[in-house]
Amino acid sequence: MSDELEARPEDYEAVGLDPALGEGAVYGRKDFLFNSAKLMAAAAAAGPFFMATKQAAAAELASLGADPIATSAINAAKKLGVGKLNKTNESGLQALDDKNFTGPLWKKLTGTDIGVTEAPFPQLYSKAVTQHLAKSSELDVFEASPVWIPDLADRGVIVSIDQWIAKYKAQATLRDYHPLYRSLMKYKSKTWGFYDDGDIWLLYYRKDIFGNAALRRAYKAKFKRDLRIPKTWPEFQETAQFITDQMAPKVYGTGMGRALGNPGNQFYFFQQFRANGGQFFDPKSMKAQINNAIGVKTMNQILAQNKASPPGVEKLSFVDGWVQWLSGKTAMMMAWPPTGRISENYAQRDKAFSFLPKSKIVGKVGYSTVPGLNGEHAGAFLKCVAADGKNQEAAYLFAQWATSPSVSLQRVQLPYTLRDPYRVSHYRSKKFWKAWPSAKQYLKTLAEGANHGVLDPIMTGAADYANALDRAMTAIYAGKSPKSGLDEAAAEWDRITDKIGKDNARRSYQNFLKLPGSTSKNTVAAKGLSVHQ
Amino acid sequence: MATRVETFRRRRLRAASSSFDRHIRLWLIAPAVLIILALTIFPLAFSLWVSFVEFDFSVSNEHPWVGLDNFRDNWRDPVWIHSLKVTAILATASVVVELAIGFLLALAMLRPFRGRRPLMTLFVLPLFMSPVIVGGFFDLFLRRPFGPMNWLLNQIPWMGDVSIDFTNDFPWTFISLIIADAWQWTPFMFVILLAGLSSISDELYEAAEIDGAKPRQSFFFVTLPLLMPIVLIALTFRFIDAAKLFDIIYSLTRGGPGTDTYTSSYYLYQQGFEFFHLGQGTAGSWMFLVFLTVISFWLVRRLLKPLEA
């Protein structure tokens, strides 16, 4: 029996949950044996899906008493007796979570179906807004990125969930969140959803390349110091170029997708710009600052990274970058947490990941915070309740259950989705530590990354600002000078600010500046709130 | 008494029946008119209203009257002006290339030869493909370093070491888009022009030959003038369609690099459905509609001229 199945009140206390919430949760030995036998039989029949079945078993047992947060949601949802909840999810792998795991399990435990409407990431926003504008009540739960929350909350597309958190005594579940992610559920002092995807960027590097004796000798001869995992951006660019000079075309120093909108070049800029000391706007005048000397320096550093990358990197999508990485063609990659899992073939054992090659770098990958320390918190999702939905309370209960400590722990371990660890209890799960030999280090670094992480600008007009910068950066890749490209982007940012209204934008930006992770000087670590494994 | 009531009922029935007969046309077209009103007229009227109010999701839930502000905002947006130029360049270039190749193909396929039918079937196949698929296909084909295009060019001995970023470097981005669009739509030109060429009577060519006309003269003085109305029809249809170029842009370049390949349709889609600046996006759509109407009107007038003559 795994440690998760044995959750006791003291376990909840250890991760910051209220142990009193566990009281009254009755789950007898007989129930356990009976359910285990059923699940073992199901697991044997499932064959290739054994791993997910084990996770379903653990989540089910947690929902039936072991995890009070999950259990209270199940019991209340059963009483509500809603026939079906409809929700959005990012198309592809993320949606498999709802379709293969969370949806069927919720149905089994409560009798409520989960209908999934899939859409690419930016269109999840469009789906939510369109439903609201059309006054439709089709969708009950939205997967919303934290950057959209100000717009969705201010325009009445989503509802605050505070009333239900109080009703179902779920405050304790919030304390188990990493402080960076916990802050993202709040806007204007209200809670707008349960955070559900720890999208922090780390630096993934090849231990075998950095340990290569000949390469180390050559590096020392050239730079008069030891080759090490880059700690600063100039060091990153120097190391990447050095590896490319020594090993290309077999291996390149780095190589990350820079195609327009895929994943979005603004993430690279936001991260590095703030590590270099930049601020997006002058907080008083709200004039865009991305074209100042720090912005130009950041852009030049990014161009230097491109030079150390495989040819055509400007048009590589994020998945293309993964393909190069898994094939052993790149030595370093900054990316989302699934990179650690796919590097070890943890994800590719599931057929859903057959679009990626099997990893040729198993056991060779190390994890580090990004150079400059401040990794981007890029994208991510909250489970929000639709203001126009007909089944708001049931929608809330589904979100509470799916993100509860025990159920979410199983979901972030699913091989076939892109759901990433975000709770303190995820980082400290002894079972997760055993997922592959270096999984403990992976989780430790993810927690460390979140301690120093910086956020995408979470403010009104965020999508417009991001798009303008992404476009400008691809124009610079295609030959425009960094200064003139950033000047154009800054002018566009100013136009967007004018359109939103300066006062409105200023309020929104100043609200953002209060969040931990808004700047490199205002991180969770800088506030003394770091979480360690 | 009962008889009088019965008579009264019969009269009313007859009157109703006769009224129905008289207005049968109205009754029959009523459902269609209602559907058109609901699906066309109402959205058009609504969109006209939206273009004069502030309908912007990132600003407010209120929709105050803003007059021509949305139209002005478009004119002040350099991306919109740029997208209009890109639309004009891409639409004109694509249509010219498609016309030239389509015409040559039609001439080549005019006379029967062995294998003509399967070849014609192959030629028209791209027409049945979704433009998004065509864009995706060209993206895979042209993208560096995975796409085979650079590899193929490198196999040509005199080409040397070729490494072109077809979807990122100017002017290759434009050339790639024109090739992708032409690959799909040249068959349209080909089919129409082949029909036009086939309808020209052989007797005219025989008469020209008797008058001593050489093949080149027959082409310029018989074929071209008689084909011109068909060419104008094909040009008009294709130009209107090409000016709305969206799908291939969406899947091949996403408007990039930067805003280099933003067409008006792509720009308006982003404004309206990605960022929900619905007022500005709708105003832009109306402006675009006016431009297209003026151009189409001019083309149709040109089209009617030879017919009137």
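Chain naming here is simple, since letters A, B, ... match the order of the sequence lines and numbering starts at 1 in each. Being a predicted model, the structure only gives us computed values, none of them experimental.
Within a 6.0 Å sphere centred on NZ of A:K358, other residues, nucleotides and ligands contribute more than 12 heavy atoms. Within 6.0 Å of CD on B:E62 lie no more than 12 heavy atoms contributed by other residues, nucleotides or ligands. Within a 6.0 Å radius of NZ in A:K483, other residues, nucleotides and ligands contribute more than 12 heavy atoms.
For a residue to count as touching a neighbouring chain, one of its non-hydrogen atoms must lie under 4.5 Å from one of that chain's; by this rule A:S317 touches chain B with backbone and side chain alike. Looking at A:D464, the atoms closer than 4.5 Å to chain B (heavy atoms on both sides) sit in the backbone and in the side chain alike. Neither the backbone nor the side chain of A:N262 comes within contact range of chain B; no heavy atom of the residue lies under 4.5 Å from a heavy atom of that chain. For B:F55, the part sitting under 4.5 Å from any heavy atom of chain A is the side chain, from C-beta outward, and nothing else. For B:D165, the part lying near chain A is the side chain, with the backbone staying farther off; criterion is any non-hydrogen pair under 4.5 Å. Proximity to chain A is limited to the side chain of B:Y262, based on heavy atoms less than 4.5 angstrom apart. Only the side chain of B:Q270 comes within contact range of chain A, with at least one heavy atom under 4.5 Å from a heavy atom of that chain. The part of A:Q123 that comes within reach of chain B is its side chain, from C-beta onward, which places non-hydrogen atoms under 4.5 angstrom from that chain. Of the atoms belonging to B:R143, it is side-chain heavy atoms, and not backbone ones, that fall under 4.5 Å from chain A. Contacts between A:V157 and chain B at a heavy-atom distance below 4.5 Å involve the side chain alone, from C-beta outward. The part of A:L133 that comes within reach of chain B is its side chain, from C-beta onward, which places non-hydrogen atoms under 4.5 angstrom from that chain.
Using a 4.5 Å heavy-atom threshold, the side chains of A:Y125 and B:F57 count as touching. Within the 4.5 Å cutoff, side-chain heavy atoms of A:R495 are placed close to those of B:P78.
Chain B forms more heavy-atom pairs under 4.5 Å with one residue of A:V313, A:D154, A:L260 than with any other, namely A:L260. Taking chain B as the reference chain and counting heavy-atom pairs below 4.5 Å, the highest number among A:A472, A:P311, A:G461, A:G261 is found for A:P311. Per-residue counts of heavy-atom pairs under 4.5 Å with chain B were compared for A:I500, A:T460, A:V129; the largest is that of A:V129. Interface check for chain B: of the options A:A468, A:A463, A:G485, the most heavy-atom pairs under 4.5 Å are formed by A:A463. Highest contact tally toward chain A, considering only B:D169, B:T167, B:T259, is held by B:T167 [criterion: heavy-atom pairs under 4.5 Å]. Of the listed residues (A:R155, A:H132, A:K499, A:E314), the greatest number of heavy-atom pairs within a distance under 4.5 Å of chain B belongs to A:R155. By number of non-hydrogen pairs under 4.5 angstrom with chain B, the leading residue of A:E492, A:Q324, A:M473, A:K480 is A:Q324.
Between the side chain of A:S126 and the main chain of B:F273, a donor-acceptor pair closer than 3.5 Å is present.
Taking CG from B:L252 and NZ from A:K315, the interatomic distance works out to 6.5 Å, rounded to the nearest 0.5 Å.
By the side chain to side chain donor-acceptor pair (under 3.5 Å) test, B:D56 pairs with B:S58, B:H277, sequence neighbours left out.
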